[in-house]
Each structure stands twice: as structure tokens, then as C-alpha cells.
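Report on one structure; see the data block that follows.
Here is how names work: the chains are called A, B, and so on, in the same order as the sequence lines, proteins then strands, and each is numbered from 1.
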Amino acid sequence: MPELPEVETVRRDLARTIVGKRVVKIDGPASKPLSRMRGLVLVNLRRRGKYLLAKMGDELELIIHLGMSGRLLAAAEVPRTSHVRLVIHLEGGVLLVFVDRRRFGRVTLVTAGDYRSSPTLMRMGPEPLTDAFNRAAFERQIAGARTPIKATLLNQRAVAGIGNIYADETLHRALIHPARRELTSAEVGRLHKSIRTVLAAAVRHRGTSFSLHRDGLLPAGSFGRHLRVFQREGVPCLSCGTSVAKIRLGGRSTYYCPGCQVPTTECNVL
DNA sequence: AGATCGGCCTGGACGC
DNA sequence: TGCGTCCAGGCCGATC
């Protein structure tokens with residue numbers, strides 16, 4: 001459940017339960033490189049883009065990426081699901097469990113602040129819901145882009161935390177075709193605004209709910225009800241009534257409204 | 001240096 | 001029913 005709103009929801013749900021607790025034991029197939037955490041206190045739980053960062057003691061940091069199918073939950077006992085990758089036993093009988101069916105997720109223990117093991121994290125752009133994400137800086141980042149704007153949104157360098165769902169949703173609200181390359185200043189302004197609006201709303205709704213990350217304990221995300229194009233191929237656009245289209249762009253399924261998001265001559269994909 | 005492609009995994013949906 | 005193929009919310013490393 002990988003994009004910013006979903007990861008932020010996980011962070012908020014877990015923080016209350018696990019922050020301040022000491023690691024008692026670690027097991028599961030992914031536990032071997034993490035043995036140094038034993039006895040350390042989980043000092044805080046932060047989020048950067050789609051990554052969760054848990055400070056462990058004074059010097060270490062646990063980097064968690066949920067990949068495509070990863071789930072992280074606090075529980076009293078190990079879930080009966082298969083695909084449990086890691087169980088961190090905390091004091092007070094709290095278990096922090098990482099379940100990941102497709103195993104695209106990663107859990108890495110590093111010296112605090114040393115992100116060399118993750119190029120994406122090291123080069124991560126500004127957090128979209130903070131002041132660090134301002135329009136002028138965003139415009140500088142994407143000025144003269146040679147690649148489709150959707151690919152730029154997905155690569156995490158211009159802005160952090162956007163994946164396939166929110167790339168399509170923010171571009172639709174900004175009336176920009178996903179294959180567009182160089183944007184006008186007005187378009188950059190609309191996109192900057194829609195990124196903030198859409199992600200903030202999705203965080204309020206606890207993200208977009210998919211079957212993979214319902215654990216039955218915490219409320220599922222409800223932003224799925226507010227999606228306007230993602231996975232709505234053939235459905236009339238809520239703004240103009242045109243059927244939502246599905247194309248492949250940069251190897252990813254891409255949904256957009258051909259009525260609202262009109263390509264121009266500089267868009268050489270269509 | 002930056003862009004593009006295949007690889008990593010498993011399982012569900014679909015067509016024959 | 002069974003088998004094959006395609007697809008899925010993301011990242012990394014090897015290529016050009």
C-alpha cells in the first residue's frame with residue numbers, strides 16, 4: 001500500500017503504539033541483518049516520501065519500504081497469514097509485524113541518516129505537504145523536462161511520495177495530459193496546487209483502500225470514493241462526461257480524461 | 001548525467 | 001478443472 005497517504009496513515013496508526021518501546025526480540029525470514037536492534041528503544045517513527053524511518057536507539061535507523069504489497073501492523077500475536085517476513089517483539093507484548101506477499105518491500109537497518117543503500121531516498125524531493133514544496137522550486141525542478149510529466153512525478157526527485165494512483169489523479173485535476181513534457185507556467189501552478197490538494201485530502205481519508213491492506217483492525221482508507229480517473233476506464237469523467245481512457249506510459253497503466261486533459265503538439269506520444 | 005528497460009516476487013483474473 | 005498469459009499501488013541496477 002505504497003503511496004504517501006497510505007504510508008502516512010500507517011505511520012500515524014503505529015506511532016502511538018510502538019514509539020518509546022524497547023526491542024525484545026526479532027524473528028522472521030527477514031530478521032537476520034536486524035539483530036543489532038535488540039535492546040534498543042524505538043525513539044521515533046517518521047515518514048519520508050513512501051518510506052518509513054524508525055530511529056533505533058541513538059545511532060541506528062530502520063528503513064522500511066512497503067513495496068507493492070507490504071503491510072505493517074502492531075498486534076498482540078503473529079497473524080495467521082503466510083508471507084510474514086518480520087516480527088519485532090517490543091516490550092509490553094506489542095508485536096510489530098511486516099507482512100509482504102510479493103516481497104518487493106524492504107527493511108534495512110542503517111547508521112542513522114546514511115541512506116546510501118537507497119538511491120531514491122537519498123535523492124528524494126521535498127515533502128509535498130510542507131513549505132519545502134513551493135511552486136518556484138517545483139517549477140525549477142521540472143523546467144525543460146525531456147520526459148512525460150507523469151514519469152517526472154513518479155521518480156520522486158521533484159516531489160516525494162507520489163505513485164501511480166496520485167500521479168493520475170493530480171494530473172487530471174490539473175487538466176494536464178500525462179504524456180506532456182514541457183509545461184507552461186500556468187500548468188505548473190495548477191499541478192503544484194492539485195498535488196497539495198489531492199494528497200492532503202487522501203491523507204484525511206486514510207488513503208485509497210485496496211483489498212491487500214485491510215487488516216480488519218483499523219479503518220480502511222476511503223479515498224477510493226474520490227478517485228476521478230484511476231481504474232475508471234470507460235466511466236464518464238465527472239467533469240466533462242468523456243469516457244476515461246487507459247494507456248500505457250513508461251510501463252505503467254495510466255488513466256486520464258481525453259476531454260479534460262488535451263494533448264498538444266509537443267506531446268509526441270499520441 | 002539522465003533516461004529507459006528488465007528484473008525482482010506472488011497470486012488473482014481471464015481466455016481457451 | 002487446468003493451464004497459460006497478463007496484470008498489479010515500486011524500486012534498483014545495468015544499459016545506452
Let me know the distance between [atom1] of [X] and [atom2] of [N], rounded to the nearest Å.
| X | N | atom1 | atom2 | value |
| --- | --- | --- | --- | --- |
| A/Gln231 | B/dA13 | CD | P | 13 Å |
| A/Ile165 | C/dC7 | CD1 | C1' | 15 Å |
| A/Ile64 | C/dC11 | CD1 | P | 15 Å |
| A/Arg101 | C/dG10 | CZ | P | 15 Å |
| A/Arg248 | C/dG9 | CZ | P | 8 Å |
| A/Leu4 | C/dC11 | CG | P | 11 Å |
| A/His83 | B/dG11 | NE2 | P | 4 Å |
| A/Ile149 | B/dA3 | CD1 | P | 12 Å |

Let me spell it out: for each of A/Ser82 and A/Arg157, pick the nucleotide of DNA chain B with the closest heavy atom. Which residue's pick is nearer the 5' end?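 The residue mapped nearer the 5' terminus is A/Arg157.
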Among the nucleotides C/dG9, C/dG13, B/dT10, which one has an atom lying closest to any side-chain atom of A/Asn164?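 Nearest to the side chain of A/Asn164 among the choices is C/dG9.
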Closest to side chain of A/Arg103, choosing from B/dT10, C/dG10, B/dT4: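 For A/Arg103, the side-chain atoms sit closest to B/dT10.
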Students often get this wrong, so: under 4.0 angstrom with heavy atoms, is A/Arg123 touching a base, only sugar-phosphate, or nothing?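 Since only primed, P, OP1 and OP2 atoms lie under 4.0 Å of A/Arg123, the category is sugar-phosphate.
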Taking any heavy-atom pair under 4.0 Å as a contact, classify A/Arg102: base, sugar-phosphate, or nothing.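 Base contact - A/Arg102 has a heavy atom under 4.0 Å of at least one base atom.
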Can you see if the side chain of A/His65 gets near the phosphate of C/dG10 - specifically, an N or O under 4.0 Å from OP1 or OP2?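 Result: no.
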Does C/dG10 have OP1 or OP2 sitting under 4.0 Å from an N or O in the side chain of A/Lys50?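 The answer is yes; a side-chain N or O of A/Lys50 sits under 4.0 Å from OP1 or OP2.
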Could you tell me whether the side chains of [X] and [Y] share a donor-acceptor contact shorter than 3.5 Å?
| X | Y | value |
| --- | --- | --- |
| A/Tyr166 | A/Glu6 | yes |
| A/Thr147 | A/Thr152 | yes |
| A/Glu169 | A/Tyr255 | no |
| A/Thr254 | A/Lys150 | yes |

If each of A/Gly251 and A/Ser118 is mapped to the nucleotide of DNA chain C with the nearest heavy atom, which maps nearer the 5' terminus, i.e. the 5' end?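 On the 5' side of the pair lies A/Gly251.
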Listed pairs under 3.5 Å, donor-acceptor, residues 129-141 of chain A side chains, sequence neighbours left out:
| unit_1 | atom_1 | unit_2 | atom_2 | d |
| --- | --- | --- | --- | --- |
| A/Thr130 | OG1 | A/Glu127 | O | 3.0 |
| A/Thr130 | OG1 | A/Ala132 | N | 3.2 |
| A/Asn134 | OD1 | A/Ala136 | N | 3.3 |
| A/Asn134 | OD1 | A/Ala137 | N | 2.9 |
| A/Arg135 | NH2 | A/Ser185 | O | 2.9 |
| A/Arg135 | NH2 | A/Ser185 | OG | 3.0 |
| A/Glu139 | OE2 | A/Ser185 | OG | 3.1 |

Where do A/Gln261 and A/Pro178 come nearest, in terms of heavy atoms and distance?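 Shortest heavy-atom contact: NE2-CD, 4.0 Å.
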Could you check whether A/Arg102 makes a cation-pi contact with A/Phe104, meaning its NZ or CZ is under 6.0 Å from the centre of the six-membered ring and within 45° of the ring axis?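 Yes; both conditions hold, so A/Arg102 lies above the ring face of A/Phe104.
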Secondary-structure stems for DNA chain B, with pairs counted as Watson-Crick or G-U when both distances are under 3.5 Å and runs at least 3 long: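 Output for stems: B:2-8 with C:10-16, B:10-16 with C:2-8.
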